[in-house]
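Below is one structure; the comments refer to it alone.
Note that this is a predicted model, so its numbers are computed, not measured.
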Amino acid sequence: MTAPRTPRKAFGRLSLPERTYLADALRTETVGGVLLLVAAIAALVWANIPALHDSYESVSHFHFGPAALGLNLSVAHWAADGLLAIFFFVAGIELKRELVAGDLKDPKAAALPVVAALCGMVVPAVVYTVTSTAGGGSLSGWAVPTATDIAFALAVLAVIGTSLPSALRAFLLTLAVVDDLFAILIIAVFFTETLNFAALGGAVVGLAVFWLLLRKGVRGWYVYVPLGLVIWALMYNSGVHATIAGVAMGLMLRCHRREGEDHSPGEHIEHLVRPLSAGLAVPLFALFSAGVAITGGALADVFTKPETLGVVLGLVLGKTLGIFGGTWLTSRFTRASLSDDLQWADVFAVATLAGIGFTVSLLIGELAFEDDAAMTSEVKAAVLTGSLIAAALATVLLKIRNAKYRGMVAEEERDDDLSGVPDIYEEDDPAYHLRVAAIYEKKAAEHRRIAEEMESARLAEVAGGAGDEGDGPA
């Protein structure tokens, strides 16, 4: 007779190793997100103060680099194609790790974030297409509202101080990893117009050498960094967006541990490179991409032009409805059920938070309207506006449940036996219960001692008081 199958809980408790990895990753992403937020504000200030506007334009359009190699690029171009390759390199490692050791390893567990991410990209694209078509606008920007910026989303969480439970944070991170994968595919497939097959072939050969060196166990940054730069340059000149080189190299790293290893090569390199990505590459990209002129007329255009309105609605409505709907459908038609500690309102709040599309949305906006500088700036303004609205709505929704979240996080962190491991991960270990029993027995003995001393003192006081009364005058 077979035991009944227990329904799998969506947003259930994470394993301890996964939770530890998640905490480290989110810590860096949150700091990077705050830097990203600061860089975006700095860009807006720099670009909108009349005395500084010309200097912003001059710096952004300053060209440097070897022209003979086709790399005489502007500062803004270097930030978008060069520095973002580091960001996508880290995204490639994250994706590889999720596929071999994380939530995406188990097809049943992977179904939820994959379906949610897919719906969270398809619905915004549909919303943009319908809005732009109805207004007679261009369909070129359909992909702009499809991306989620995990760093910016976590920065919002850090700023508002919301104690989001680890399961929801893990969902947000995994969702963003899958989101990045599909964004990469969109960039590679839809924004590659002409191909230089010689350069592309060279990039493929370089990637093959990169993979072979990894397989042979060759170590040393002085080998891989120059090779990575060559691969990036060839990919750039091939016509395929150069960030694809970063993703490809990230996916090649081994992310499963072998016997005797504390960390896999992928985890080690990600630990080294992630601060560079979150702390330098992405903020610099934001500094030279978010500097759009903000005027009353420009803000009005965001809500009146079909292309920009489509971006705003895609981020605010499309992302929320797509991710929430995909999650609900997965839960409805599979054996997954929502964790007992959470409500669907929590999922809706996280889906709203995913409407913050910044880094990749700005990049796709530049690619979609690269021949129309005015529309590029307007679409960037729309991305900023939509992200701001999504952040404000998510803040309100998460604040409503913040007290509940604090209680859940406190329960997740409780360590009564002082073992350094949260109690919820030791409840099936007899040694844990023996440790807790010993602690409570010690406390009980201490309380008995205190009670006995207090009782003895009381009896002595009563006895002493009775004697004093007998010695007094009648």
Search all heavy atoms of I244 against all heavy atoms of A188 and return the closest pair with its distance.
CD1-CB, 3.9 Å
Side-chain donor-acceptor pair present, W344, T327, cut-off under 3.5 Å:
no
Show the numbers, then the answer: is there a side-chain contact (heavy atoms from CB on, under 4.5 Å) between I93 and V273?
CA-CA 10 Å; I93 299 176; V273 179; 5.8 Å; no
Could you state the interatomic distance from CG (L185) to CE (M121), rounded to the nearest 0.5 Å?
8.5 Å
If every non-hydrogen atom of P124 is compared with every non-hydrogen atom of P145, which pair is closest and at what distance?
CB-O, 3.5 Å
Could you pull out the closest heavy-atom pair between W78 and G65, with the gap in Å?
CZ2-CA, 4.3 Å
So, are R254 and E261 salt-bridged, with charged N and O less than 4.0 Å apart?
yes
Can you tell me if T308 uses its side chain to pair, donor with acceptor, with the backbone of A382 under 3.5 Å?
no
Out of curiosity, I184 CD1 to L95 CG, how far, rounded to the nearest 0.5 Å?
7.0 Å
Within the 4.5 Å heavy-atom criterion, are E307 and Y128 side-chain neighbours or not?
yes
Spacing of F288 atom CZ and S74 atom OG [to the nearest 0.5 Å]:
9.5 Å
Side chains of F285 and L83 in contact at under 4.5 Å (non-hydrogen atoms):
no
Identify the heavy atoms of A203 and L234 that sit nearest to each other, and give their distance.
N-CD1, 3.7 Å
Between CD1 on residue I186 and CG on residue L367, distance to nearest 0.5 Å:
11.5 Å
CG/D301 to OG1/T385 distance, rounded to the nearest 0.5 angstrom?
11.0 Å
Indicate yes or no for a side-chain donor-acceptor contact from S387 to the backbone of G357 under 3.5 Å, with no hydrogens or angles considered.
yes
Is there a donor-acceptor contact under 3.5 Å from the side chain of W142 to the main chain of S132?
no
Working note: L253 + K96, criterion side-chain contact (heavy atoms from CB on, under 4.5 Å); need CA distance, chi angles, decisive distance, verdict.
CA-CA 8 Å; L253 291 172; K96 179 68 173 289; 5.8 Å; no
If you count the non-hydrogen atoms of other residues, nucleotides and ligands that lie under 6.0 Å from CZ in F348, is the total more than 12?
no
So do L195 and V240 actually touch side chain to side chain, heavy atoms under 4.5 Å?
yes
On a heavy-atom basis, the closest approach of C119 and G326 is SG-CA, 3.7 Å
Between S289 and K380, is there a side-chain donor-acceptor contact under 3.5 Å, judged purely by atom types and distance?
no
Within the structure provided, determine whether W232 and L71 are in side-chain contact (heavy-atom separation under 4.5 Å).
yes
Taking atom NE2 of H63 as the centre, does the number of heavy atoms from other residues, nucleotides or ligands within less than 6.0 Å exceed 12?
yes
Answer whether the closest heavy-atom distance between the side chains of F89 and T243 falls below 4.5 Å.
no
D179 side chain reached by K319 side chain, heavy atoms, under 4.5 Å
yes
Look up atom CZ in F62 and atom NE2 in H77, then write down how far apart they are to the nearest 0.5 Å.
16.0 Å
Between P226 and W221, what is the shortest heavy-atom contact and its length?
CD-O, 3.7 Å
